[in-house]
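Reading through the structure tokens given below for one structure.
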Amino acid sequence: MDNYIEKLNEQQKKAVLAEDGPILILAGAGSGKTSVLTSRIAYLVREKGVYSSSILAITFTNKAAKEMKARVEKLLDDMGIYFPWIGTFHSMCVKMLRMSCEVALNYTSSFVIYDSDDQKILIKDCIKELNINDKMYPPRMISHHISSAKNELISPKEFEGKYKDDFQMETISTIYSLYQKKLVSNNAMDFDDLIFNTVKMLETNKEVREFFQNKFRHVLIDEYQDTNTAQYKLAEIIAKKNNNIFVVGDDDQSIYGWRGANIQNILNFEYDFKGCEVIKLEQNYRSTSNILNAANHVIKNNTNRKGKELWTDKGDGNKIKFYKAYNGPNEALFVAAEIKKQVENNIDYDEIAVLYRTNAQSRDIEIALANKDIPFRVYGSLSFYSRKEVKDVLAYLKLILNHNDDLQFKRIINEPKRGIGKTTLQKIEQIVIDEGLSFYEVAKNAKDYYILHSPKEKLMSFVNMIEKLTTFSMNNTLEELYEEVLNVTKIMEIYKKEGTIESRSRIENIKELKSAVVSFEEDFIEENGQGPKLENFIASCTLATDQDNTKEQKQVTIMTLHAAKGLEFKMVFITGMEEGLFPSMQSYESETKLEEERRLCYVGITRAKEMLYLLNTKERTIYGKTQSYPDSRFLQEIPEQLMDNNIKRKAFANNSFAAYKGNTGISIKRGGKAIEIAGFKAVKGEALDVIKGDRVLHKKFGEGTIKKVTGKGDEQVIEVDFDMAGFKRLMASYTKLKKL
DNA sequence: ACGCTTCCAGTTTTT
DNA sequence: CTGGAAGCGT
């Protein structure tokens, strides 16, 4: 084991070696906070004799947790088999709840977790059941209120009391109560419940509380600026006894206020935890000084902050480049061209990121990069686990686990089609309400109900199938169960028969889910010495997100500014630097919101190590409307001397519509939508041995027929008639496609 | 019961 | 402009 402490700078060392008690580390972007956290854990275990298992370290993302685990594992290599609890707030809560919720709460330890889609469906059910007008109470608005309430630890009862004379809020309160009742009867928790219920469990049950307080002698929290009230309370309860709470955060990177994060948690830490030591980490190891100065100049316009100035001993580096494009597609074109240029200068695709404020902006970028054959990956648009086919298969697994999960029952009772429609479901629902049974129980006893006379055969055969699968699940591995579900439901065959690009991608996703099952099972056995239970797998799926897939492929990263937090790239593009877009229109309503937008800008700038591009447009089309927006105020906040004026002038000169028009070639359209084939691996080289009449599949253009082949070797040109994208001439040696 | 058409609302989203 | 959901017609 190498000496991890020697590698640290003075401030970092001070943090790692700090005495027991509350400690707040204000860690600027790129100041090595993960090193500090992991070294602190190693120090506690190695030098202070703290048991690994009495340490609780909490992160916000699975990705951060994974990285921390790996680094701690290395540092504690020779320290025996015990390991600290390291994970996200949510996964740590799941672990505690599974251990103790049966004694402290009205849940069994095999409770299921509802994701935001499930949540929305359940809320809709409640609205319908209560006969409430969903135009006046849209599910989106309701879920926001419920979520905020839970983040503030407000129960349905307290909610009711709080809004006694507000008619609208009273209605919401009724929905909240029913929603919560349904969750409990389904033995389900939503994301917010995981925290809320853990706090409730610890608050109400003395034994459980003392058990965890005694167990966790040290609590460490990463990204503390993003904690909400419930998470704060959770940390406080656990740390109360030993008072060893070590938090790391950056008030300047608090960008989740709209999601309930309470920036006051970090600003008030010193008052909340008496005798607290505060250590600032201000040396940045990531960016060159021009970039860092730009970030400093932007963020200093905020008033509600602790105050910190990052510095670096790296040189000035490149100046920041600004480009004003004619419109969105033109902006994207510039990005693509610049990427091409820099890749020739030996920058890898995976060292480049294109960032934007809203997901809607990704389309132009995707099209431009695809047209220049630049490999890229879009993060966050539609996550793997929220795809329909993935949710369907998971719903089978969830129903097998818990027959009374009405939500899953309704999802799959007619998926694939079994001729059980709305009417039948309504009849069942009536019985469910009258007799207080679950949908499954009613379906199982369909023959006892006269009104279910005609669909009873279909219902009972569905139940029979689930029963058989349930038995199967008890005697077989997860992988075998997964295969069995696919077998009896025939989902794969049905998609295969469809034969569309879309169904092809669904098949790929179902296969990908299978490899998730297999690798989960392998990892679990390795870690725990025994096979996982179904509920272990389900929970890990629900808590997983797209961000976790760290596929080490060389491709450009395209994502929102929010999603970029915690990451770094040599070369960063921030697009759409326009008033009304970034900062967004809705942030104008308050200084608080504007400051959060500014922090978002700060986060964006500090992602860049060597090259930063800021872009905007003369006119932008949003929702079919074209408008002109002024330069973002954040651009004005960066001093001229940090900017590359040369480029700036050239950019304006280049701005003519003619220049843009000559550069089009925007061609991947299916009603304007880029065609994406998940999991499809196109191969460079296959385009060299096609002949006229071959059917081919192209990653972006979809399926097509070869019309003509001319030239040989590197000169070979193929002409393809794509079903969706139309006619294309392509250089065979550059084209990635697959023969069908 | 299902598929097609029309109408409407539309930030960010670590879990 | 877009995706989703409600509504209508078979």
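To find a chain, count down the sequence lines: A is the first, B the second, and so on, and within it residues start at 1. Source: prediction; values computed, not measured. Every heavy atom of this structure was used, including side-chain atoms; hydrogens, water molecules and symmetry mates were not.
Here A:H144 and A:W258 keep their ring centres 6.0 angstrom or further from each other.
B:dT14 atom P lies 10 Å from atom CE of A:M559, rounded to whole Å. The nearest whole Å value for the distance from the OH atom in A:Y356 to the C1' atom in B:dT13 is 13 Å. Distance CG (A:D115) to P (B:dT14): 12 Å, rounded to an integer number of Å. A:K128 has its NZ atom 13 Å from the C1' atom of C:dA5, to the nearest Å. The separation between A:I121 atom CD1 and C:dG4 atom P is 13 Å, rounded to whole Å. For the pair A:K124 NZ and C:dG4 P, the interatomic distance rounds to 11 Å; values are reported in whole Å. Rounded to an integer number of Å, the gap from A:N228 CG to B:dT14 P is 15 Å. For the pair A:M68 CE and B:dT14 P, the computed distance is 19 Å after rounding to whole Å.
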Validation: residues 27-38 of chain A side-chain donor-acceptor distances under 3.5 Å, sequence neighbours left out:
from  : atom 1 : to     : atom 2 : distance (Å)
A:S31 : OG     : A:G28  : N      : 3.3
A:S31 : OG     : A:G28  : O      : 2.7
A:K33 : NZ     : A:D222 : OD1    : 3.1
A:S35 : OG     : A:R71  : NH2    : 2.8
A:T38 : OG1    : A:T34  : O      : 3.0
A:T38 : OG1    : A:S35  : O      : 3.1

Output one line per pair: protein atom, nucleotide atom from nucleotides 7-12 of chain B, and distance, for all N/O pairs under 3.5 Å.
from   : atom 1 : to     : atom 2 : distance (Å)
B:dT11 : OP1    : A:Y623 : OH     : 2.7
B:dT12 : OP1    : A:N359 : N      : 3.2
B:dT12 : O4'    : A:R357 : NH2    : 3.0
B:dT12 : N1     : A:R357 : NH2    : 3.4
B:dT12 : O2     : A:R357 : NH2    : 2.2
B:dT12 : O2     : A:H562 : NE2    : 3.4

Tabulated below should be each protein N or O lying under 3.5 Å from an N or O of nucleotides 1-4 of chain B; please produce it.
from  : atom 1 : to     : atom 2 : distance (Å)
B:dA1 : OP1    : A:G421 : N      : 2.5
B:dA1 : OP2    : A:K422 : N      : 3.3
B:dA1 : OP2    : A:T423 : N      : 3.3
B:dA1 : OP2    : A:T423 : OG1    : 3.0
B:dC2 : OP2    : A:N414 : ND2    : 2.9

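For residues 412-426 of chain A, the pairs satisfying side-chain hydrogen bond (donor to acceptor under 3.5 Å, both in side chains) are A:K388-A:E415, A:Y396-A:R418, with sequence neighbours left out. Within the structure, the salt bridge (charged side-chain N to carboxylate O under 4.0 Å, His left out) test picks out the following pairs touching residues 353-362 of chain A (sequence neighbours left out): A:R357-A:E597.
Partners of A:K391 under the side-chain contact (heavy atoms from CB on, under 4.5 Å) rule, at least two apart in sequence or in another chain, are A:D115, A:D117, A:D118, A:R411.
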A:K233 and A:E236: salt bridge (charged side-chain N to carboxylate O under 4.0 Å, His left out), yes or no, with the steps?
CA-CA 5 Å; A:K233 192 75 196 162; A:E236 199 219 310; 3.6 Å; yes
Quick one, A:F409 with A:F462, criterion ring-ring contact (aromatic ring centres under 6.0 Å, His included). Give me CA distance, side-chain angles, the key distance, then yes/no.
CA-CA 10 Å; A:F409 182 95; A:F462 175 79; 5.6 Å; yes
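In this structure a side-chain-to-backbone donor-acceptor pair under 3.5 Å is missing from A:E67 to A:A64. Checking side-chain atoms of A:R98 against main-chain N and O of A:F111 turns up a donor-acceptor pair under 3.5 Å.
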